[in-house]
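Contents: one structure, followed by commentary.
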Amino acid sequence: MRTSQYLIATLRETPADAEVISHQLMLRAGLIRKLASGMYTWLPAGLRVLHKVTAIVREEMNRSGALEVSMPVVQSAELWQESGRWDKMGPELLRFVDRHERPFCLGPTHEEVITDLIRNEFNSYKQLPANFYQIQMKFRDERRPRFGIMRAREFLMKDAYSFHINQASLEQTYQLMYQTYSNIFSRLGLDFRAVLADTGNIGGSTSHEFHVLADSGEDDIVFNSTGSYSANIELADGLIRDLDDGSADMLQSRELDTAQAHTIEALTSLLDLPATRLIKTLIVKAVQSDTNPHGLMALVLRGDQELNDIKAEKLSGIVSPLTFATDEEIENVIGCKPGCLGPNHLDFPVVVDRSAEKMRNFICGANKSSIHLADANWGKDCRFDMVADIRKIKEGDLSPDGQGELLIKRGIEVGHIFQLGTKYSQAMNASVLDENGRSVLMTMGCYGIGVSRIVAAAIEQNNDANGIIWPDAIAPFQVAIIPLNAHKSPRVTEISEQLMTDLEKAGFEVLLDDRDKKTSPGVKFADMELMGIPHRIVVSDRGLENNELEYKSRRAENAESVPLASVMEFLSARIAT
RNA sequence: CGGAGUGUAGCUCAGUCCGGUAGAGCACCGCCUUCGGGAGGCGGGGGUCGGAGGUUCGAAUCCUCUCACUCCGACCA
């Protein structure tokens, strides 16, 4: 390809509405342009990258035995009503009606459509297991699209759905997908981690997310140094250091006048005690019932620990999303304002985190204004109804498998695999006959990859002051050829053209910068670097005098000379395929 | 949806407080010079100042309404 025949849409300055580096560079390198919030046009160079990512995903999915299909983007409301998600989904499901006033939505995911397809096609256990996938634009009317392509409303996704006769078969395919995803992200040249994850709205039991590590990521992921444990912080478990073993003798509790000290921080300085001696009591809303007429629940943690909302939301009887009780509600039921709350004499459920369960002689609120209890103890002064893991783990906690300390890093979620179980097959009655002729609900799994997001994530991980640095596997072009003074030197032109032809014949993708003499060498160097083309050849009279070309890797500091005669072998050895 | 902010040329921005014929740099077009790191000179084209309404002799500027976009929070590939 020649730049004169191509769209080089580079920008010298950073558009004002792009905040993160990948968004800025995608605009500056001329990969995308915005149409509206969360909706982008892919320009030729950007589309080349997107297609390369797509091709790798497709190859590996095919290798795993999955079968490619293509399902409609527009889906009828009936299916969504059948699964129950029409009402559950909320406004990110973009709904509209056709000319007959029949309701439809733009597909944000395709569990309903594939389940409908398979319940009609499959009758026998002999047809299982099966795994179907597609690579297609999805639409989710995000509350807040941001970071360009990273969280767009319209985005390219690979989604796969597997069907099984039982859980054991699902687990087999799940493992295969786990391995397939690892292969895909390795081939893409990305630094990634697979982590245990929450299942969220999609439902199901086991789930793993695949994260590309990058400081701009929106998720905190937790892992230990040996790699034996990794999880999203939403559900990460960790062993807390210096946990009270509860072996000290119980003392007699006494009341302390703590005046205006209403926060853990204020109490630690007032009493000159570490936060680990204190107990933190949070009052949240719970489902109202005969046994819980106030509709409240107390969540209790050690003073230095923080609540993990997502873990808490899984407690039975709690209101989801997690909602804190108002000051008025607390005052009406308990008789004092927040700041002096404690897990004593509460007539609604008390859930205590493992960090606080075995504490002895602790400080907690006395549920009286300006009064705390010192040397309080479970059983004597306070009671709880159950122990749960509801704390947010911290960097430095010990790995739950005993292997080292936990680290926390930011990650960009680019893949997510789920064991769905029978959630959809049950709602939509998708069954086959087993070997005994009995009707059995199919067990399902689903597996997503954010294909367009990968493009942004790859840039977040691979860039410098001059622009993008593509991994070879997904670069829009592998080699840039820059002829210098071509308008004066027929030899430079001839060699450049010949090299492009030879490289293209050998299967490489080449961009020859043949823009005319008004485009100075500096502009060409800058554009090719901004676009992130990983290998560069400069053809100049100066070099040709010695029968040499100049090669520079986008990642390297300096250029090197290459004999003209051996340039093909030289490049073949350096370009990863 | 709550909070904050921005809309003026393709891009980056000045002009708005204090009303008086719409500007700069880059990009683009033509000619000349230059040619290994975003060149220089001369000449040019390009704007419903986000939109609607109002105040005024006169509005980018003041007032009202509205739309779009960005950032921060709760959700997701």
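Quick caveat, the model's predicted, so the values are computed rather than measured. Below, read A as the first sequence line, B as the second, and so on, with proteins coming before strands; counting in each chain starts at 1.
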**Message:** Using a 6.0 Å cut-off, check whether atom NZ of K517(A) has over 12 heavy atoms from anything other than its own residue.
**Reply:** no

**Prompt:** Reckon V523(A) touches a base, only the sugar-phosphate, or nothing at all at heavy-atom distances under 4.0 Å?
**Reply:** base

**Message:** What contact category does A152(A) fall into here, base, sugar-phosphate, or nothing, at under 4.0 angstrom with non-hydrogen atoms?
**Reply:** base

**Message:** Ignoring hydrogens and geometry beyond distance, is the side chain of E529(A) in donor-acceptor contact with the base of G37(B) at under 3.5 Å?
**Reply:** yes

**Message:** Under 4.0 Å, counting only non-hydrogen atoms across every strand here, what does S37(A) touch: a base, just sugar-phosphate, or nothing?
**Reply:** sugar-phosphate

**Prompt:** Taking for each residue the nucleotide of RNA chain B with the nearest heavy atom, is it D17(A) or A526(A) whose nucleotide lies nearer the 5' end?
**Reply:** A526(A)

**Asked** Could a donor-acceptor pair under 3.5 angstrom be found where the side chain of E13(A) meets the base of G38(B)?
**Response** no

**Request:** Report which part of the nucleic acid D219(A) touches: base, sugar-phosphate, or nothing (heavy-atom distance under 4.0 Å, all strands).
**Result:** base

**Message:** Does G10(B) have OP1 or OP2 under 4.0 Å away from a side-chain N or O of R33(A)?
**Reply:** no

**Prompt:** Relative to the ring of F418(A), is the ring of H416(A) parallel (under 30°), tilted (30 to 60°) or perpendicular (over 60°)?
**Reply:** parallel

**Message:** So, OP1 or OP2 of A74(B): does either fall under 4.0 Å of a side-chain N or O from R144(A)?
**Reply:** no

**Message:** Determine whether the aromatic ring of F155(A) stacks with the base of A77(B), defined as ring centroids separated by less than 5.5 Å and ring planes inclined by less than 30°.
**Reply:** yes

**Item:** Sugar-phosphate, base or nothing in reach of M137(A), heavy atoms under 4.0 Å
**Value:** nothing

**Asked** Does D527(A) get its side chain close enough to the base of G38(B), under 3.5 Å, for a donor-acceptor pair?
**Response** yes

**Request:** Give one of base, sugar-phosphate or nothing for R515(A), where a contact means two heavy atoms less than 4.0 Å apart.
**Result:** nothing

**Request:** May I ask you to say what L484(A) touches in the nucleic acid, namely base, sugar-phosphate or nothing, with a heavy-atom cut-off under 4.0 Å?
**Result:** base

**Request:** Indicate, with a heavy-atom threshold strictly under 4.0 Å, whether Y447(A) touches base, sugar-phosphate, or nothing.
**Result:** nothing

**Asked** To the nearest angstrom, how far is D516(A) atom CG from C35(B) atom P?
**Response** 16 Å

**Asked** So, F210(A) versus F185(A), ring centres under 6.0 angstrom or not?
**Response** yes

**Item:** Phosphate contact (A39(B) OP1 or OP2) by S520(A) side-chain N/O below 4.0 Å
**Value:** yes

**Message:** Would you say the ring centers of Y178(A) and H208(A) fall short of 6.0 Å from each other?
**Reply:** yes

**Request:** Give S452(A) one of three labels, base, sugar-phosphate or nothing, depending on what nucleic acid heavy atoms sit under 4.0 Å from its own.
**Result:** nothing

**Fill in**
Comparing nearest nucleotides in RNA chain B, the 5'-proximal residue of the pair R143(A), A16(A) is A16(A)

**N or O in side chain of R12(A) less than 4.0 angstrom from C13(B) OP1/OP2** = no

**Item:** Check: Q75(A)/H110(A) side-chain N/O donor and acceptor closer than 3.5 Å
**Value:** yes

**Message:** So, under a plain 3.5 Å distance rule, would you say the side chain of H416(A) forms a donor-acceptor pair with the base of C76(B)?
**Reply:** no

**Message:** Side-chain N or O of K488(A) versus OP1/OP2 of C35(B): is the shortest distance under 4.0 Å?
**Reply:** yes

**Base C75(B) to side chain R151(A), donor-acceptor N/O within 3.5 Å cut-off** = yes

**Message:** Students often get this wrong, so: under 4.0 angstrom with heavy atoms, is R28(A) touching a base, only sugar-phosphate, or nothing?
**Reply:** base

**Message:** Starting the side chain at C-beta, find the nucleotide from C71(B), A77(B), G37(B) nearest to M157(A).
**Reply:** A77(B)

**Item:** Enclosure of K392(A) NZ (heavy-atom neighbours >12, cutoff 6.0 Å)
**Value:** no

**Request:** Using the P atoms only, state how far A68(B) lies from C75(B), rounded to an integer number of Å.
**Result:** 25 Å

**Message:** Regarding K34(A), tell me which of base, sugar-phosphate or nothing describes its non-hydrogen contacts under 4.0 Å with the strands shown.
**Reply:** sugar-phosphate

